[in-house]
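In what follows, a single structure is set out as structure tokens and then discussed.
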Amino acid sequence: MAKLSAGVLLYRLNGTDVEVLIAHPGGPFWARKDAGAWSVPKGEYAGGEDPWLAAQREFTEELGAPPPPGPRIDLLPIRQAGGKVVTAFAVRGDFDAAAAVSNTFTVELPKGSGRLVEFPEIDRVAWVSVAVARAKLLSGQRPLLDQLMAAPELVGYGEGRLDGG
């Protein structure tokens with residue numbers, strides 16, 4: 001049975017372009033990685049659990065506040081390279097990225113030392129254009145951007161520029 005994950009792809013309009021909120025994972029493995037390392041705020045849930053409720057819970061755990069109550073677009077589930085099935089919901093709304101506070105996890109560093117170190121699950125979040133998100137997101141999550149931009153409510157809006165300008 002594949003692992004299940006649910007998340008919220010928060011988006012907003014900036015002039016004629018769409019921006020999305022993406023999250024950078026915390027911890028030593030991800031510390032120096034940028035391109036292809038970011039993710040939609042998401043987390044695992046058990047089969048039989050409502051994916052929308054799981055997505056809201058995971059957003060709250062990872063960012064410290066619930067997702068805004070904006071209009072929702074149900075995106076089709078995607079399967080990442082490792083087999084995990086991600087169900088995401090695009091929600092139009094705003095969120096203060098600077099105010100995000102993540103839950104934490106503990107790892108033994110160095111391995112075998114008995115020394116436990118705590119890290120935030122998410123070390124930063126950012127609003128970026130869809131074009132920038134295509135470069136920063138894990139490759140397996142990029143199809144979510146395709147689905148978002150294909151939504152009827154976003155016809156006529158652009159992806160912005162890769163240089164952020």
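Nothing here was measured: the structure is a model prediction, and the numbers come from that model.
- Gln141 places a side-chain N or O within donor-acceptor distance of the main-chain N or O of Val40, the cut-off being under 3.5 Å.
- Atom CZ of Arg92 has 12 or fewer neighbouring heavy atoms from other residues, nucleotides or ligands inside a 6.0 Å radius.
- Distance alone, capped at 3.5 Å, places no donor-acceptor pair between the Thr106 side chain and the Val117 backbone.
- When ring centroids are compared, Phe59 and Phe95 come within the 6.0 Å threshold.
- Leu154 has its side chain within reach of Tyr11: a pair of non-hydrogen atoms, C-beta onward, lies under 4.5 Å apart.
- In this structure, Glu159 contributes its side chain and Ser129 its backbone to no donor-acceptor pair below 3.5 Å.
- Contact check for Ser5 versus Val86: side-chain heavy atoms found under the 4.5 Å cut-off.
- Residues satisfying the salt bridge (Lys or Arg N to Asp or Glu O under 4.0 Å) criterion with Asp146, sequence neighbours excluded, are Arg134.
- Taking the side chain as every heavy atom from C-beta outward, Asp96 and Trp127 never approach each other to under 4.5 Å.
- Under the 4.5 Å side-chain criterion, counting only non-hydrogen atoms from C-beta, Leu109 is in contact with Phe119.
- Inter-residue side-chain proximity for Leu63 and Leu21 is flagged as met; some heavy-atom pair is nearer than 4.5 Å.
- Of the inter-residue distances, the one linking Arg72 atom CZ with Leu9 atom CG reads 13.5 Å to the nearest 0.5 angstrom.
- Asp17 is not listed as a side-chain neighbour of Val130, based on a closest heavy-atom distance of 4.5 Å or more.
- By the side chain to side chain donor-acceptor pair (under 3.5 Å) test, Ser102 pairs with no residue at all, sequence neighbours left out.
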